[in-house]
Amino acid sequence: RSAHARGGRGLSQAPAPAPWSRRLRTGIVGGRSARVGMSCAAAATTLTEEIRLKRGVSGLGFNIIGGTDYQPNCKDSAIYVSKIKVDGPAALDGRLKEQDQILAINGQKLDNVTHQEAVEIFRNSGNMVTLLVLKKIRIENNQNNKASVSQLVMAILGITVLATCVYVKYRRRL
């Protein structure tokens with residue numbers, strides 16, 4: 001399920017959640033399907049950040065997904081950001097990202113809440129909203145990138161050594 005994180009207007013409930021597909025969860029966002037990467041076993045390091053947003057005319061400018069009633073796999077009942085609205089307060093601030101987990105709103109923890117309860121907390125959060133956000137920084141991607149660069153450097157070094165050997169051996173014939 002998904003809803004706009006707005007104050008009383010524009011909040012909607014989506015139909016029953018779609019099944020997980022590999023490492024992607026699908027939810028309905030503003031009438032469109034959105035994929036949010038949530039992995040039960042992904043290696044990641046985490047960072048907690050407090051973000052203060054002022055509610056705009058269209059709300060806080062992001063959609064949420066999750067809740068205790070939305071855990072089709074791996075029993076993850078957390079509330080996540082599924083979509084950042086262009087030119088909304090969250091996008092203009094720049095710190096909140098898709099896939100960030102919302103831990104608390106104005107100090108009220110979102111542990112073991114349904115999706116609708118989270119929506120109600122957002123609706124009643126006032127004009128200035130303080131979010132406690134858990135950001136996951138994936139380690140496996142960085143390690144893969146480092147391995148790819150190392151393999152490329154080794155391949156270039158090997159080709160250079162081979163070319164040098166061939167040149168030294170056959171330079172008199174050239």
query = Nearest 0.5 Å, what's the CD1-CG distance between I84 and L60?
reply = 10.0 Å
key: Linked, directly or transitively: L134 and Y80 (ILVMFWY side chains, under 4.5 Å)   = no
inquiry  = According to a hydrophobic-cluster definition based on side-chain heavy atoms being under 4.5 Å apart (Ile, Leu, Val, Met, Phe, Trp, Tyr only), do V119 and L103 belong together?
reply    = no
inquiry  = Taking V81's backbone N and O only, do any of them form a donor-acceptor pair with D100's side chain (distance below 3.5 Å, no angle check)?
reply    = no
query = Is N127 atom CG crowded by more than 12 heavy atoms from other residues, nucleotides or ligands, each under 6.0 Å away?
reply = yes
note = L131 and L96 have their tightest heavy-atom pair at CD1-CD2, 4.3 Å
message = I need the H115 NE2 to I79 CD1 distance, nearest 0.5 Å.
response = 7.0 Å
note = Heavy atoms of L92 and D87 approach each other most closely as CD1-O, 3.7 Å
note = Nearest heavy-atom approach of S125 to F122 is OG-O, 2.7 Å
ask   = What are the two closest heavy atoms between G107 and A104, and how far apart are they?
value = C-CB, 4.2 Å
key: Residues forming a salt bridge (charged side-chain N to carboxylate O under 4.0 Å, His left out) with D111, sequence neighbours excluded   = none
query = Which pair of non-hydrogen atoms, one from P89 and one from G56, has the smallest distance, and what is that distance?
reply = CG-N, 3.7 Å
query = At what distance, to the nearest 0.5 angstrom, does CG of L110 lie from CD1 of I64?
reply = 8.0 Å
key: Over 12 non-hydrogen atoms of neighbours within 6.0 angstrom of CE in M128   = yes
ask   = Which value, rounded to the nearest 0.5 Å, describes the distance between T48 atom OG1 and L132 atom CG?
value = 6.0 Å
request  = Rounded to the nearest 0.5 Å, what's the gap from CZ on R52 to CZ on R95? Could you check?
outcome  = 10.0 Å
message = Tell me whether R55 contacts the main-chain N or O of G126 through its side chain, where contact means a donor paired with an acceptor under 3.5 Å.
response = yes
inquiry  = How close do T46 and K136 get, counting heavy atoms only, and between which atoms?
reply    = CG2-CG, 4.0 Å
ask   = Between atom OG1 of T130 and atom CD1 of I105, what is the distance when rounded to the nearest 0.5 Å?
value = 10.5 Å
